[in-house]
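Quick note: numbers below take in every heavy atom, side chains included, and nothing from hydrogens, waters or symmetry partners.
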2 protein chains.
Amino acid sequence: MTSETIGANAADSRVLTRVGDFVPRDAWATAGVRCSIEKALDVVGTRSAMVLMREAFSGSRRFDQLVLRTGLSEPVAAKRLKQLVADGLFVQQAYRDSGTRTRLEYVLTERGRALFPVMAALMQWGDELGDGRGAMQLFHADCGEPVTSVLRCAAGHEVTLSETCARQDLPDDQG
Amino acid sequence: MTSETIGANAADSRVLTRVGDFVPRDAWATAGVRCSIEKALDVVGTRSAMVLMREAFSGSRRFDQLVLRTGLSEPVAAKRLKQLVADGLFVQQAYRDSGTRTRLEYVLTERGRALFPVMAALMQWGDELGDGRGAMQLFHADCGEPVTSVLRCAAGHEVTLSETCARQDLPDDQG
DNA sequence: CTGTATCCCAGCGGATACTG
DNA sequence: CAGTATCCGCTGGGATACAG
């Protein structure tokens, strides 16, 4: 069975399928809707965007540091940072260090910080590629245990791929 | 403090920093190591790879379905699928439907399936962009509750960004 | 049905030089 | 220090036509 009603919260007219089954139709393309994955990739779909976010999570805030530590060229970093500010992942905040000059630094917004689970999951997946050189492991500061990205439902269950269903919010003109 | 020892598991010589603090140096570039993020992006860093994975998780296995439902052109889909097979995210499996002909279908490997938390996290993040059209919500099949991507430590604690530390495995020649 | 071959264009990203 | 201007090569991706 490819489409069914599972659980009270899902009892509506929208498309609900077990992940791994077929969804009923070419929903995205037919509806002229960009799916969430594509919308996300419009913002962080480039290597430069991702490595800048990575460095931002590592604490870099100043332009020269971001350039140095990402290995990007200045023009690329500047262009991408400008786009990321426009997309609301960074804000530019004035700050002044010991000297007198006031400078701007790139500070993650809530939307930018919300990308952390994506980065963590991607990092975890990337660690398992290749020889393990350059691996980065995350830890819980409070207890020291390693941190992984998992799927969890609102009832607190840890959910695997095969236990997951998907519901698409399609436009009104869907039959 | 930017570098410290937190918890027993982290008590070694590698770089350990609170996420959000600075790591001590330009570790990636200096060491000539591609970080896990970049390694992951080498494989799934393109829009075509991501939408093909999305459709694979939705159950598409045949070439024509993957082409139709991703909206990619055949040449792009073929090239990317070939690369994803080479990278071990898909295997091509023979199957035969009611007719007599044997065909190949693209089946996710364990490595491919391991990308699901990334896709789920990215989908979740992308849902919060824009007008909500095309949003896709995941549910736990067993209880119907919505599923989200979270960070969890081995001790079972749910971990936020500010509670997370990172340890980098740098090459031996690091001082 | 499952691709391949060819051609084309747009965008990413690097190098270099320059500005406030 | 924090970018901008310009130029250029590479790759991603689409269109079309063709092949097993």
Nucleotides bounding contact with chain A, strand DNA chain D, heavy-atom threshold 4.0 Å: D/dC1 to D/dA5
Separation of atom CG in B/Leu81 from atom P in C/dG3, rounded to whole Å: 8 Å
Stepwise side-chain contact (heavy atoms from CB on, under 4.5 Å) check, B/Glu38 with A/Val51: CA-CA 7 Å; B/Glu38 288 172 281; A/Val51 296; 3.7 Å; yes
Spacing of A/Gln93 atom CD and A/Arg61 atom CZ [to the nearest 0.5 Å]: 6.5 Å
Touch class at under 4.0 angstrom, heavy-atom based, for A/Thr46 against every strand present: sugar-phosphate
d(CG, A/Asp42; P, C/dC12) in whole Å: 11 Å
Atom-pair distance (CD on B/Glu105; C1' on C/dT2), nearest Å: 14 Å
Nearest-nucleotide comparison on DNA chain C, the residue closer to the 5′ end among A/Glu74 and A/Ser48: A/Ser48
Test item: B/Leu52 and B/Leu81 side chains (from C-beta on) under 4.5 Å apart, heavy atoms: yes
Charged N-O contact under 4.0 Å between A/Arg62 and A/Glu105: no
Connected via hydrophobic side-chain network under 4.5 Å: B/Val150 and A/Leu151: no
Sugar-phosphate, base or nothing in reach of A/Gln83, heavy atoms under 4.0 Å: nothing
Nearest-Å distance for atom pair NZ/C1', residues A/Lys79 and C/dA15: 16 Å
C/dG13 phosphate, OP1 or OP2, under 4.0 Å from A/Arg80 side-chain N/O: yes
Nearest-angstrom distance from the residue atom NZ of A/Lys82 to P of C/dG13: 16 Å
Of the listed nucleotides C/dC12, C/dG14, C/dT2, the one nearest the side chain of B/Arg103: C/dT2
Check ion pair B/Glu128-A/Arg111 (N to O, under 4.0 angstrom): no
Rounded distance in Å - CZ (B/Arg47) to C1' (C/dC12): 15 Å
Between C1' of C/dC1 and CG of B/Leu104, the distance in whole Å: 11 Å
Under 3.5 Å donor-acceptor, A/Gln124 side chain and A/Ser149 backbone: yes
Interatomic distance where CG belongs to B/Leu66 and C1' belongs to C/dC1 [whole Å]: 13 Å
